[in-house]
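Input: a single structure, listed below in structure tokens.
Throughout, protein chains are lettered first and strands after them, A, B, ... in sequence-line order, and every chain is numbered starting at 1. Here the structure is a predicted model, which means the values were calculated and not measured.
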Amino acid sequence: MKFGILVNEGPFTHQASDSAYQFAKAALEKGHEVWRVFFYHDGVNNGNKLSEPQADDRNLVKLWSELAAEHNVDLVVCVAAALRRGIKDDVLAPGFRISGLGQLIEAGIVGDRLVVFGD
Amino acid sequence: MKFGILVNEGPFTHQASDSAYQFAKAALEKGHEVWRVFFYHDGVNNGNKLSEPQADDRNLVKLWSELAAEHNVDLVVCVAAALRRGIKDDVLAPGFRISGLGQLIEAGIVGDRLVVFGD
Amino acid sequence: MLHTVNKSPLERNTLESCLRLAAKGSAILLIEDGVYGALAGGQAAEKISGRMGDFTFYALGPDLAARGLSEAPLIDGIKIVDYGGFVDLAAEREAQQAWL
Amino acid sequence: MLHTVNKSPLERNTLESCLRLAAKGSAILLIEDGVYGALAGGQAAEKISGRMGDFTFYALGPDLAARGLSEAPLIDGIKIVDYGGFVDLAAEREAQQAWL
Amino acid sequence: MEEDDFDPEVVKRFLFVNRKAPYGTVYALESLETVLISAAFDQDVSVVFADDGVFQLKKGQDTTGINMKNFSPTFRALEGYDVEKLYVEKESLEARGLTEDDLVVDVEVLNSEELSKIMAAQDVVITN
Amino acid sequence: MEEDDFDPEVVKRFLFVNRKAPYGTVYALESLETVLISAAFDQDVSVVFADDGVFQLKKGQDTTGINMKNFSPTFRALEGYDVEKLYVEKESLEARGLTEDDLVVDVEVLNSEELSKIMAAQDVVITN
């Protein structure tokens with residue numbers, strides 16, 4: 001099955017990104033495809049490569065990048081939401097790309113399921 | 001009267017930063033001092049100079065920088081919260097500085113009032 | 001004490017907790033989505049109207065206006081203030097507690 | 001439909017709204033702070049225990065464990081799933097609705 | 001990669017659910033931007049307003065005092081984008097002391113049972 | 001600039017109020033970091049747990065499954081920092097079916113009226 005995922009919150013402040021990551025990992029382990037993860041609202045902060053959590057804490061930005069590299073997951077950061085919040089190509093982590101909100105609608109059309117995580 | 005202000009949320013997603021800014025401006029207009037604004041939790045995102053809202057929207061990062069320049073307000077971004085969220089000197093807007101959480105406690109000790117804005 | 005409440009009483013327990021734990025005589029200022037608590041109609045109105053003897057209630061005018069509530073019927077006795085009035089309340093009262 | 005609820009029913013109206021608007025026969029999965037809704041003790045318990053005939057209720061085990069609720073008394077009939085079980089529910093049900 | 005997978009013939013039922021008040025958070029505004037974009041994809045779009053989300057449609061919003069953009073007039077523009085299925089929950093209106101006359105745009109007011117049926121029949125549900 | 005203004009003799013009553021559950025949001029963890037820092041300033045520090053904030057102190061937290069750090073043991077370390085005034089609201093515990101035995105650390109359980117008096121006597125109140 002082809003999953004799309006929407007993440008509405010940044011890493012750390014809300015659990016949404018953690019839950020979405022765990023869901024994506026579990027879906028891949030079960031042999032499903034995670035076609036696209038779309039980051040909207042504060043979710044765009046998941047693509048900030050300057051994020052540097054404490055050594056004993058999880059690094060969600062890195063975890064998303066690794067997931068994208070290993071499983072060819074398309075990580076899309078919404079351009080309008082990102083501009084407002086100061087997330088630009090200069091600070092974008094590997095595996096993420098910045099694109100339009102249409103990519104979210106497309107994920108809904110193309111994917112068999114769209115699963116939403118937010119606050 | 002000497003005010004300290006704590007801002008717990010970033011610009012745009014929650015109104016906290018807007019309310020804090022309007023409060024600070026009104027306090028200055030009434031002849032009070034705004035000694036320090038401390039940015040904690042997602043509040044550290046107020047210091048991101050890459051933030052670029054639409055032309056017809058307010059730019060809170062710029063508004064804070066201008067307030068600091070005009071009225072000598074000390075804008076302090078918490079270093080621990082900022083590291084987690086990828087806010088570093090490279091992306092720090094004018095008038096902001098990164099420092100420790102002790103500066104919040106100090107604002108509580110030195111100021112006559114600490115006023116908190118969050119979600 | 002000046003208590004600020006910034007959440008809608010129809011969505012969260014914030015206003016209720018403030019009303020339970022604030023000391024009598026406190027000022028309670030509704031700001032941001034908290035101003036929905038000032039509406040005279042609707043299910044949340046009695047939370048405040050029943051406590052008029054215990055607290056002085058204020059609502060932030062610019063937040064009411066933004067939400068289209070300037071002309072709406074508000075609970076009797078709630079005073080409307082602007083940001084300057086918010087500053088005055090913070091200065092008059094010995095400390096502020098934000099209910100978030 | 002799979003409904004996910006991620007808010008504590010003691011803080012917000014999220015669970016209540018889900019229970020009011022979800023179609024009978026839906027699966028309701030409690031995740032994140034939503035798992036507090038699975039507690040058998042306390043004021044919120046009857047929100048779910050009274051609707052066992054209308055919905056199938058699930059709670060995410062890792063979120064229960066994180067919050068120290070693995071050994072706590074939960075409402076009878078709530079099924080515990082892990083992230084794999086969450087994926088299965090999302091795949092089985094025709095769509096997901098997140099109550100935030 | 002999208003070119004390979006995208007079938008312009010597919011029409012899905014998209015539901016946008018608004019349960020949050022405007023201005024206190026940005027979700028209402030950014031959700032509206034999503035609804036506008038969805039119109040370009042020729043899908044079957046519905047928008048629901050329930051709980052504090054009904055306040056998004058309140059008449060008479062004037063945001064000059066908080067220095068934000070008043071986006072409520074945009075709801076009236078939705079019709080021009082062929083987004084015509086706007087549903088408001090009756091129970092949510094009543095709990096807030098509001099009636100249909102308080103709203104900036106024509107909507108269909110449904111009770112929770114009727115709304116429940118519409119919500120259950122969707123392919124993609126986007127909430128915020 | 002702080003050197004000019006900072007008077008090491010000042011002792012103020014600082015109150016930290018925790019009303020949010022742990023893990024769903026980061027506020028509980030980051031608030032605890034503030035409490036720990038405040039201890040270095042020799043102020044009169046109190047910490048209140050009310051509403052879902054009482055869940056922060058729940059025994060038996062095991063966060064391995066969600067890949068986060070379990071910070072509840074840190075509450076037991078507060079005593080070593082001379083942060084000894086931990087208050088929990090009785091009504092909040094009861095509403096959640098919890099008792100003092102469910103908590104990781106010794107606290108003073110007070111009813112809302114008693115707690116109200118303590119909260120009213122503070123100079124600086126930090127919430128999140």
Side-chain angles (χ1 to χ4, degrees), chain C residues 4-16 18 29-50 58-76 78-89 98-100, chain E residues 17-32 48-76 88-107 109 111-112 127-128:
Chain C
T4 53
V5 175
N6 75 341
K7 293 297 179 303
S8 163
L10 293 139
E11 187 202 31
R12 301 208 211 187
N13 66 357
T14 313
L15 175 64
E16 264 176 87
C18 172
L29 170 63
L30 309 175
I31 68 170
E32 302 176 1
D33 288 345
V35 299
Y36 291 117
L39 279 175
Q43 284 172 359
E46 66 175 20
K47 289 185 210 291
I48 284 181
S49 59
Y58 303 85
L60 199 61
D63 278 323
L64 285 167
R67 289 159 181 82
L69 307 183
S70 288
E71 312 287 318
L74 302 185
I75 294 163
D76 273 346
I78 295 187
K79 300 177 170 65
I80 314 296
V81 294
D82 60 7
Y83 288 104
F86 183 176
V87 171
D88 291 343
L89 283 168
W99 295 81
L100 304 170
Chain E
V17 182
N18 292 293
R19 294 183 52 249
K20 292 182 180 165
Y23 309 116
T25 56
V26 82
Y27 300 105
L29 167 63
E30 290 191 329
S31 168
L32 182 55
V48 161
F49 300 86
D51 293 324
D52 280 353
V54 303
F55 284 132
Q56 295 178 26
L57 303 177
K58 177 77 178 69
K59 274 182 189 163
Q61 299 177 24
D62 174 2
T63 54
T64 47
I66 61 168
N67 197 26
M68 287 193 199
K69 197 166 57 174
N70 173 6
F71 58 92
S72 63
T74 309
F75 289 112
R76 286 199 293 262
V88 171
E89 193 202 16
K90 189 165 171 276
E91 286 80 351
S92 294
L93 279 180
E94 287 173 358
R96 286 155 187 82
L98 299 177
T99 69
E100 213 174 327
D101 290 340
D102 291 308
L103 308 183
V104 290
V105 70
D106 283 342
V107 296
V109 177
N111 66 34
S112 52
T127 54
N128 55 74

Using heavy-atom distances under 4.5 Å, tell me whether L39(C) contacts chain E through its side chain, its backbone, both, or neither. side chain
Where does D82(C) contact chain E at under 4.5 Å (heavy atoms): side chain, backbone, both or neither? neither
Does the [X] side chain pair with the main chain of [Y], one donor and one acceptor, at a distance under 3.5 Å?
| X | Y | answer |
| --- | --- | --- |
| R96(E) | S92(E) | yes |
| E46(C) | Q43(C) | no |
| E91(E) | S112(E) | yes |
| K58(E) | G68(C) | yes |
| N13(C) | L15(C) | no |

Heavy-atom pairs under 4.5 Å with chain E are the metric here; pick the option from [options] that has the most.
| options | value |
| --- | --- |
| G61(C), A66(C), G34(C), A40(C) | A66(C) |
| A65(C), G41(C), S70(C) | A65(C) |
| D33(C), D63(C), I31(C) | D33(C) |

Enumerate by number any residue of residues 48-57 of chain E whose heavy atoms lie under 4.5 Å from heavy atoms of chain C; in the absence of such residues, state 'none'. D52(E), F55(E)
A quick test of your reading: do over 12 heavy atoms of other residues, nucleotides or ligands sit less than 6.0 Å from NZ of K90(E)? no
Answer yes when D106(E) and R76(E) have at least one side-chain N-carboxylate O distance shorter than 4.0 Å, and no when they do not. no
Identify whether the distance between the nearest side-chain nitrogen and carboxylate oxygen of E11(C) and K7(C) falls below 4.0 Å. no
Most heavy-atom pairs under 4.5 angstrom with chain C, which of T63(E), I66(E), N70(E), N67(E)? I66(E)
Beyond-backbone contact of V5(C) with L29(C), side-chain heavy atoms, under 4.5 angstrom: no
Contact class of K59(E) relative to chain C, heavy atoms under 4.5 angstrom: backbone
